[in-house]
Amino acid sequence: MNLTISPLMEYDADLAEQMGVLLKDLSSHYEGEVVPREVIEDIIESPWHDILVATNDEGKLVGMASVSVIMGALVNKNLYLEDFVVSHEFQHQGIGSKIWDAILEYGRQKGCRRLEFTSSGKGKKAGAVVFYQKHGAEIRDTNSFRIEL
């Protein structure tokens with residue numbers, strides 16, 4: 001399968017619908033609803049955020065990743081990975097590895113020093129920890145905190 005991985009450059013209603021369906025494979029918080037146009041356009045317009053989309057020859061969305069450049073004090077820049085998912089029907093075909101490589105290259109092009117992300121590694125994400133370790137990520141002894149606003 002030929003795969004195209006690139007930042008989303010313009011809103012596409014069909015792609016927004018496919019993204020909603022794909023996000024169901026990422027989390028039970030998603031029910032397949034279309035990703036709102038405003039959300040996608042805000043990301044596209046931002047110089048610090050992107051959605052990397054992976055499509056096959058037929059234009060079907062098979063995977064995606066949401067990434068953000070985080071600015072630290074002085075000259076530190078890191079890349080933060082938020083949503084990274086490959087469609088359940090296309091897993092175990094090397095697509096995740098290709099998207100992963102695209103994420104790392106994206107961060108290098110943006111001048112980032114490191115990639116940071118969290119993963120629960122629970123439920124349907126249990127294979128994620130193995131995937132990340134296989135691709136050179138180390139589990140850090142730290143806590144992840146969240147406050148709902």
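Side chains included, hydrogens not; waters and symmetry mates left out as well; all remaining heavy atoms used.
For residues 9-63, no pair satisfies ring-ring contact (aromatic ring centres under 6.0 Å, His included), with sequence neighbours left out.
Here the straight-line distance linking atom NZ of Lys110 with atom OG of Ser68 works out to 11.0 Å at 0.5 Å rounding. The OG1 atom of Thr118 sits 7.0 Å away from atom CD of Glu82, with the distance rounded to the nearest 0.5 Å. With rounding to the nearest 0.5 angstrom, the CD1 atom of Ile103 is 11.5 Å from the CG atom of Asp50. Rounding to the nearest 0.5 Å places CD1 of Ile51 at 5.0 Å from OG of Ser66. With values rounded to the nearest 0.5 angstrom, Phe131 atom CZ is found 4.0 Å from Phe84 atom CZ. To the nearest 0.5 Å, the span separating NZ on Lys98 from CD1 on Ile5 amounts to 7.5 Å.
Hydrophobic cluster membership for Ile70: Tyr80 (Ile, Leu, Val, Met, Phe, Trp, Tyr linked by side-chain heavy atoms under 4.5 Å, directly or transitively).
The two residues Ala54 and Leu3 have their closest heavy-atom pair at CB-CD1, 4.1 Å. Closest approach of Asn78 to Arg114, counting heavy atoms only: OD1-CG, 3.0 Å. Closest approach of Asp25 to Ser87, counting heavy atoms only: OD2-CA, 3.4 Å. Here the closest heavy-atom approach between residue Ala16 and residue Ile40 is recorded as CB-CD1, 3.6 Å.
With contacts defined as side-chain heavy-atom distances shorter than 4.5 Å, the pair Leu26/Leu22 does not qualify. Looking at heavy atoms from C-beta onward, Val69 lies in side-chain contact with Cys112 at the 4.5 angstrom threshold. Between Val86 and Trp100, every side-chain heavy-atom pair lies at or beyond the 4.5 Å cut-off. Between Ile44 and Met9 there is no side-chain heavy-atom pair separated by less than 4.5 Å.
One hydrophobic cluster, built from ILVMFWY side chains closer than 4.5 Å, cannot hold both Ile43 and Ile99; they sit in different ones. If you chain together hydrophobic residues whose side chains sit under 4.5 Å apart, Leu115 and Met64 never meet in one group. Two different hydrophobic clusters hold Phe90 and Met19 under the rule that ILVMFWY side chains link at heavy-atom gaps under 4.5 Å. The hydrophobic cluster containing Val34 does not contain Val39, counting ILVMFWY residues as joined when their side-chain heavy atoms lie under 4.5 angstrom apart, directly or transitively. Ile95 and Val53 fall into different hydrophobic clusters, where Ile, Leu, Val, Met, Phe, Trp and Tyr side chains are chained together by heavy-atom contacts under 4.5 Å.
The number of heavy atoms from other shown groups lying within 6.0 Å of CE (Met1) is above 12. Crowding of His135 atom NE2: a count of heavy atoms from other residues, nucleotides or ligands under 6.0 Å exceeding 12. The number of heavy atoms from other shown groups lying within 6.0 Å of CD (Glu17) does not exceed 12.
For Glu105, the salt bridge (charged side-chain N to carboxylate O under 4.0 Å, His left out) partners are Arg108, not counting sequence neighbours.
A distance-only check finds a donor-acceptor pair linking the side chain of Glu33 to the backbone of Glu31 [under 3.5 Å].
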